[in-house]
2 protein chains.
Amino acid sequence: MNIGEIAKRAGVSRSTVSYALTGKRPVSVETKRRIQAVIDELGYRPNAAARALKEGRTRTIGLVIPPASQRLTDMQLTFVASVVDAAARADLDVLLSPSGGEHDRSFERIVTGRRVDGVILMEIRLEDERVARLRHSGLPFVGIGRTRRPEEMSWVDIDYETLIARCVHHLADLGHRHVALINRNAELVAVGYGPGHRAQSGFEHAVAERGLSGVQVCCGDDAQSGQACVEELLARHGELTAIATINEAAVAGMYRGLSRAGLAVPRDFSIVGVAARHWAENLHPPLTAADVPADEMGARAVELLIQRIADPPAPHRHHLAAPPISLRGSTGPARRGGPA
Amino acid sequence: MNIGEIAKRAGVSRSTVSYALTGKRPVSVETKRRIQAVIDELGYRPNAAARALKEGRTRTIGLVIPPASQRLTDMQLTFVASVVDAAARADLDVLLSPSGGEHDRSFERIVTGRRVDGVILMEIRLEDERVARLRHSGLPFVGIGRTRRPEEMSWVDIDYETLIARCVHHLADLGHRHVALINRNAELVAVGYGPGHRAQSGFEHAVAERGLSGVQVCCGDDAQSGQACVEELLARHGELTAIATINEAAVAGMYRGLSRAGLAVPRDFSIVGVAARHWAENLHPPLTAADVPADEMGARAVELLIQRIADPPAPHRHHLAAPPISLRGSTGPARRGGPA
DNA sequence: TCGATTCCGCGAATCGGTTCGACAGAACAT
DNA sequence: ATGTTCTGTCGAACCGATTCGCGGAATCGA
């Protein structure tokens, strides 16, 4: 059922139906009523492809996610959910594209086939060819995360550098002298994953500033890796009394590793991290952490993207989240080897 | 850059460019080479909307997910990931639509606006108006889950009835006499969530068959609810020695509740469930469970959908997964009040 | 050498919308 | 009565691809 059919049954021309629907020109109430009656009866909706073709926009945004094979973390999932939600509120549809590895056909299809009006890019690296690709194509886009030259694009991001520094200061304030940073998985950090590098940098600076001794390790994004990682850390660095981490998926395993080693949290050992609130609260003991407002950020990213689509030459905008640390149950005064 | 531009620069007509690209009519190698050269130089890709309009298909499938506000379980997430992955392999894009609650505009847009060639529906209820809506619209669709009249549509599903029955039999074999079923959250079950009801049914039959005493409760889909639920169960039914559950998100909390009550798993108390393998293995102790092949199922759903799109009048096909129970560390012989 | 066949490429129609220019008729001012 | 302004509607062009029918040139067989 197309617009011609509606027009015929309502006894008007196709253009009149179009104007009645879009309201871009006045149509008499009587005509409008007749058209609406036919539309309701037939359940007509304009064909999205035809409209996209003529209007030059698709009312769809692309969301580029890490390939599904590598499991999404809870935080990433929250980003996806909040982006989809915010887009739906703005009457935009969301086209999903796994990128990286073998799936780059999907990314290309979306970008050069003009399937979307704009793109939200997740899991951005310090040097990211997709950013170059998008900029070259002229398609509006917003990053969740930023590259090494952040002024060149619009983004929302978490200030891991500041947050991890805060974590270290928090631990130092509690008297801890030997602390470790547990990063995300080694491959990710190796290919230039921004949060990993920025967390390192924040950790190093804060450790130096407070005169602490610090170790850094990468750790797979799951509980088993977390456990193994902690066990190895304890074996190699017996003096450690605290961990700061951005690897939320591994925290449960870290708890397990500590408990196996006979260390109670927070009595004997402290952990502080960066994580989504509901995740931190669900752990046992609840994790003292900077609460990443992941759902807000997804919504904010959509908002930025809508603005960029509406006004491409406008200057880039950024949003760097640095939420305060919420004290929960996982940090306490240093005991083991600390100043007692 | 459209097909006309390519044609002009290559010195041929637009139709020749089209035929060179699709291969639907022979084009001389020399002409083909010239066209390809221009295309490579300009980085041209056909406009997806124009193609969709003419061809009558979008090369896109819709994936209808529960609204983002209610967090996706790990298993649901795995479905989504595997669907996206499988679709990408078939060169299909995936349009995400949160449905239910306030977001039904999105669902309507996708269905009646002909934005997609077919739909995969998640979180299906025993009576589901979306199924009626889709059937009425004539759009091909496949369910992950099934309604009360499963022969009317194509679907893949997990045989919760059989699986929970197996769980009960497994517990009975170990000597447990008093067992509980922990279901998904009460709202979901109340609105006719199929797995919830089928699990109940399987539980009741198996309990009756083995002459056990059984209690059933609903429980929120998170660790805290799991803990609260177990604590209440223990308070009210001190004779319980085992739990069967389909609520994977709550299992970690159940462990906590048991441990607080001084009950060790599996020595004093057994838990068996239905969950994704990596999830079951990540728990501590690892959960004895029927390993749901969620990624396979997503891929299978895509496969069924592709077939339905290609051949709509073909008979419906179904795929019911009933994986065996993998023995891990969370079940053992009955102790408390059992035959010692 | 003449027709038949094959090979290649062109022009035009088409998909289903939106949008622009034109215009009839009513309302209003002069 | 004449000109002007509005209102409401129509017809046609257009977006960028695909596809059908047609025809010119080359090849083939007789």
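Proteins come first, then strands; the chains are lettered A, B, ... in the order of their sequence lines, and each starts at number 1.
- When the P atom of C:dG16 is taken as reference, atom CG of A:Leu53 falls 12 Å away, rounded to whole Å.
- Comparing C:dG9, D:dC10, C:dG17 against the side chain of A:Val12 picks out D:dC10 as the nearest.
- Note on B:Ser18: a side-chain N or O is less than 4.0 Å away from OP1 or OP2 of D:dT18.
- Taking a 6.0 Å sphere around CD of B:Glu296, one finds it holds 12 or fewer heavy atoms contributed by other residues, nucleotides or ligands.
- Of all the heavy atoms in A:Val94 and A:Val84, the pair that sits closest is CG2-CA, 4.1 Å.
- Between the side chain of A:Arg51 and the base of C:dG16 there is no donor-acceptor pair of N/O atoms closer than 3.5 Å.
- Across all strands, A:Pro46 comes closer than 4.0 Å only to sugar-phosphate atoms, never to a base (heavy-atom distances).
- Using a 3.5 Å distance cut-off with no hydrogens or angles, the side chains of A:Ser99 and A:Ser97 do not pair a donor with an acceptor.
- For C:dG16, neither phosphate oxygen OP1 nor OP2 lies less than 4.0 angstrom from any side-chain nitrogen or oxygen of A:Asn47.
- Taking only distance into account, the side chain of A:Arg25 meets the base of D:dT9 through a donor-acceptor pair shorter than 3.5 Å.
- Within 4.0 Å (heavy atoms only), A:Ser13 reaches at least one base atom of the nucleic acid.
- B:Tyr19 contributes no side-chain N or O that forms a donor-acceptor pair with the base of C:dC7 under 3.5 Å.
- Using a 4.0 Å cut-off, no side-chain N or O of B:Ser15 falls inside it from OP1 or OP2 of C:dA12.
- Rounded to an integer number of Å, the gap from CD of B:Glu30 to C1' of C:dC8 is 13 Å.
- A donor-acceptor contact closer than 3.5 angstrom links the side chains of A:Asp40 and A:Gln36.
- When distances are taken from the side chain of A:Thr31 to each of D:dG21, D:dG16, D:dT9, the shortest belongs to D:dT9.
- The distance between atom CG of A:Leu21 and atom P of C:dT19, rounded to the nearest whole Å, is 12 Å.
- When rounded to the nearest whole Å, the span between CZ of A:Arg14 and P of C:dT19 equals 13 Å.
- Rounded to whole Å, the distance from CD on B:Glu55 to P on D:dA17 is 12 Å.
- Position along DNA chain C of the nearest nucleotide to B:Thr16 versus A:Ala50 favours B:Thr16 as the more 5'-ward residue.
- Whole-Å rounding puts the B:Arg115 CZ to C:dG17 P distance at 14 Å.
- Between A:Lys24 and C:dT18 there is no side-chain N or O to OP1 or OP2 distance below 4.0 Å.
- Atom-to-atom, CD of B:Glu5 to P of D:dC15 comes out at 13 Å; the value is rounded to the nearest Å.
- Using a 4.0 Å cut-off between a side-chain N of Lys or Arg and a carboxylate O of Asp or Glu, B:Glu108 and B:Arg105 do not qualify as a salt bridge.
- The interatomic distance linking A:Ile3 (CD1) with C:dG17 (C1') rounds to 6 Å, in whole Å.
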